[in-house]
2 protein chains.
Amino acid sequence: MPPRRPTQRDIAERAGVSTATVSYVLSGRRGGAKPPPPETRERVLRAVAETGYQLDQAGRSLRRQRTDVVALMYPAPSSPWSDRLAEELQVAAADRGLAVVALPVITGASTAAILRILRQRYIDGAVLLHDCPLDGAELAALAAQGRSLVVFDDDLEPDGFDVVRQNRLRACRAAIERLITAGHRRIAFLSHADDHGDPLADVKLRSYTDGLAAHGIAQDPQLVRAVADSRPDAYAAVRDLLRLPDPPTALLSATDRAAIDGIWAARDLGVTVPDRLAVIGIGNIPEGLMISPPLTSVGAVALDFSDAVARLFERLDAEAALPGAELSAPWELITRASG
Amino acid sequence: MPPRRPTQRDIAERAGVSTATVSYVLSGRRGGAKPPPPETRERVLRAVAETGYQLDQAGRSLRRQRTDVVALMYPAPSSPWSDRLAEELQVAAADRGLAVVALPVITGASTAAILRILRQRYIDGAVLLHDCPLDGAELAALAAQGRSLVVFDDDLEPDGFDVVRQNRLRACRAAIERLITAGHRRIAFLSHADDHGDPLADVKLRSYTDGLAAHGIAQDPQLVRAVADSRPDAYAAVRDLLRLPDPPTALLSATDRAAIDGIWAARDLGVTVPDRLAVIGIGNIPEGLMISPPLTSVGAVALDFSDAVARLFERLDAEAALPGAELSAPWELITRASG
DNA sequence: CTGAAAGCGCTTACAG
DNA sequence: CTGAAAGCGCTTACAG
């Protein structure tokens with residue numbers, strides 16, 4: 001049995017002061033009044049050092065009605081985007097003495113435990129990336145209970161929480177439009193595996209299907225391959241596509257990674273990009289800039305979430321509840337040499 | 001101003017029962033005694049539904065002296081390994097009604113806020129991956145205060161917390177040994193950028209340097225390139241290396257990703273792998289299995305953290321404090337065709 | 001300047 | 001079977 005965790009009462013006894021003084025010394029807070037004098041302060045700090053005292057978050061959080069923790073919720077697995085946002089959030093939070101916890105949401109696994117973190121006042125606020133398992137009513141309820149929320153979503157209306165628009169469908173549609181406008185009719189699509197109802201996967205596939213339909217181009221099932229989540233599968237699929245009797249002249253890929261391996265496959269077959277195969281990816285990852293030819297892609301222009309992060313802290317700092325706002329950080333079609 | 005969050009007292013008034021009964025109904029717990037009868041139960045649940053009541057974690061955690069939350073701490077950015085561990089942990093935790101929070105540790109940023117999560121009884125326990133910013137004394141202190149900890153580390157002695165050994169240095173040494181034993185003397189190394197004191201980066205570079213030294217091979221600075229964290233840089237560096245007047249005949253890379261791009265570079269120059277360039281990576285990522293030739297690599301044999309996860313829950317469930325144990329999940333040299 | 005005391009929202013041993 | 005009450009560890013308005 002480990003020795004009982006020391007409490008502020010233990011510190012107070014050891015230092016010969018009241019628990020109020022201990023709290024004042026440790027928090028540095030003191031209404032308007034003067035802080036305790038150095039001599040008292042030192043006695044308290046010595047007692048803390050001697051006992052290894054650590055504040056108990058539960059007591060503090062119960063009394064202060066705040067946790068000084070914020071969360072970042074995102075669909076697992078993580079991506080360069082969620083990693084980057086975690087970093088920006090953590091740096092900004094550290095300035096204010098707040099901690100950040102990440103909440104990866106695993107597709108298919110139970111979300112009950114994660115939602116508990118949001119609902120049971122475990123955190124003061126959160127940034128939720130696209131496609132998190134909460135609907136508008138739930139978010140509004142959380143906001144009404146005082147949680148500060150900034151939500152990436154293209155459809156939800158703000159309602160006590162803020163919404164960041166990325167207009168992903170529009171940007172993906174611009175990609176397929178570009179290919180069709182350039183004269184392509186045999187356009188292959190590397191899709192996600194469709195075994196789960198991932199909304200972003202839907203957006204991507206829908207933009208392909210809608211784009212073809214809008215121009216009266218019949219969709220050839222042979223040209224749609226669910227290989228976007230596996231680089232080697234993507235390589236093999238594009239190689240096979242290019243060996244068809246009537247091969248595609250353009251390729252749209254649900255991921256940049258698969259698009260890049262598609263370019264490798266084309267190069268290995270002596271098929272030049274973009275002349276004989278135009279390639280466009282989705283996601284705009286840094287790696288796409290480096291391949292030859294550089295990858296045309298759909299995605300956020302910059303790895304910059306500072307607006308969303310700033311808004312979360314505005315909300316946390318606000319005296320009264322802020323109305324929901326719309327922020328904009330649109331995805332764009334970023335044209336490079338590959339398509 | 002949002003309406004005050006309802007408390008169990010509000011629910012009790014609405015349902016015409018005591019707060020004790022509310023708590024019994026909501027927790028399902030009831031010492032040995034019988035649970036409240038269905039009629040009472042229903043009145044309580046109706047009041048909960050009407051008010052949108054949510055439990056307050058701070059009150060509960062203060063009283064019960066547990067948070068029902070566990071953490072996973074890992075160096076940012078995330079990797080397939082940390083993602084996988086997060087998933088295993090979350091699935092196992094969900095079975096017990098525990099939530100999981102991820103704590104990415106950003107190199108260079110302040111770790112104070114993250115350490116607060118561990119120290120201030122914000123969580124019941126945690127799995128810490130390699131190279132987290134806590135020393136043995138600190139970990140022992142946390143363990144003594146009741147935190148359940150399972151720590152991936154090759155050097156620390158267990159001390160109230162458990163340690164998972166990966167023997168990374170030994171496994172990396174086996175890779176360089178293999179190349180030297182096969183007769184290679186011109187061995188290139190793709191290293192991490194050395195602008196931060198990442199201990200794993202040290203382990204990798206050390207195994208290269210030590211391996212050469214052990215066989216009396218002089219190290220050629222020309223053959224060490226800090227490109228392991230950038231695929232395009234790796235590609236370019238290997239291309240340049242192979243064009244040297246006296247090119248390397250073998251390549252050890254601090255990352256599998258860079259090793260894979262090294263293989264692409266060799267292929268594009270008509271240099272066959274492994275005949276004219278033997279290639280070994282570190283990390284054993286799934287992608288390495290798919291390239292041709294498949295990548296020889298150093299890393300964990302399987303994406304399986306069940307032992308570590310199981311041990312964390314053993315510790316959480318234990319009545320008395322468990323002594324620290326050593327678990328083993330060694331990295332291995334996984335020999336495939338590339339080197 | 002310091003301390004006694006109330007109270008944050010729960011849970012649970014205990015009395016009825 | 002149910003409720004009154006104590007108490008978890010903090011913070012802070014208030015009295016001295």
Dot-bracket for DNA chain C, 5' to 3', Watson-Crick and G-U pairs with both distances under 3.5 Å, [ ] for crossing pairs, | for partner on another strand, reads |||.||||||||.|||

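Among the heavy atoms of the strands lying under 4.0 Å from B:Thr40 are primed sugar atoms or P, OP1, OP2 only; no base atom is included.
Taking the ring-ring contact (aromatic ring centres under 6.0 Å, His included) definition, one finds that A:Tyr122 meets it with B:Tyr122, sequence neighbours left out. With sequence neighbours left out, the salt bridge (Lys or Arg N to Asp or Glu O under 4.0 Å) criterion links B:Arg315 to B:Asp162. Among residues two or more places apart in sequence or in another chain, the side chain to side chain contact (heavy atoms under 4.5 Å, CB included) test is passed with B:Asp56 by A:Gln65, A:Arg121, B:Arg5, B:Ala58. B:Glu50 pairs by the side chain to side chain contact (heavy atoms under 4.5 Å, CB included) definition with B:Arg14, B:Arg46, not counting sequence neighbours. In this structure, the side chain to side chain contact (heavy atoms under 4.5 Å, CB included) partners of A:Pro36, at least two apart in sequence or on a different chain, are A:Thr21, A:Tyr24, A:Val25, A:Thr40. Residues that satisfy the salt bridge (Lys or Arg N to Asp or Glu O under 4.0 Å) test with A:Arg165, not counting sequence neighbours, are A:Glu157, A:Glu326.
Applying the side chain to side chain donor-acceptor pair (under 3.5 Å) rule to pairs touching residues 87-98 of chain B yields B:Arg84-B:Glu88, B:Arg96-B:Asp317, sequence neighbours excluded. For the ring pair (Phe, Tyr, Trp, His ring centres under 6.0 Å) condition, no pair includes a residue of residues 46-99 of chain A, sequence neighbours left out. Note on residues 138-152 of chain B: pairs passing salt bridge (charged side-chain N to carboxylate O under 4.0 Å, His left out), not counting sequence neighbours, are B:Arg119-B:Glu138.
The CZ atom of A:Arg43 sits 15 Å away from the P atom of C:dC1 (whole-angstrom rounding). With rounding to whole Å, B:Arg66 atom CZ is found 12 Å from C:dT11 atom P. A:Leu26 has its CG atom 16 Å from the C1' atom of C:dT2, to the nearest Å.
Between B:Pro133 and B:Thr111, the shortest heavy-atom distance links the atoms CG-CG2, 3.7 Å.
B:Ser23 has no side-chain polar atom (N or O) that falls below the 4.0 Å cut-off from OP1 or OP2 of C:dC10.
Between A:Leu312 and A:Val70, the closest side-chain pair of non-hydrogen atoms falls below 4.5 Å.
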Might you list the N or O atoms of the protein lying below 3.5 Å from N or O atoms in nucleotides 5-9 of chain C, with each pair's distance?
| from | atom 1 | to | atom 2 | distance (Å) |
| --- | --- | --- | --- | --- |
| C:dC8 | O2 | A:Arg63 | N | 3.4 |
| C:dG9 | N2 | B:Gly59 | O | 3.0 |

Can you check nucleotides 14-16 of chain C for protein contacts, nitrogen or oxygen pairs under 3.5 Å, and list what you find?
none

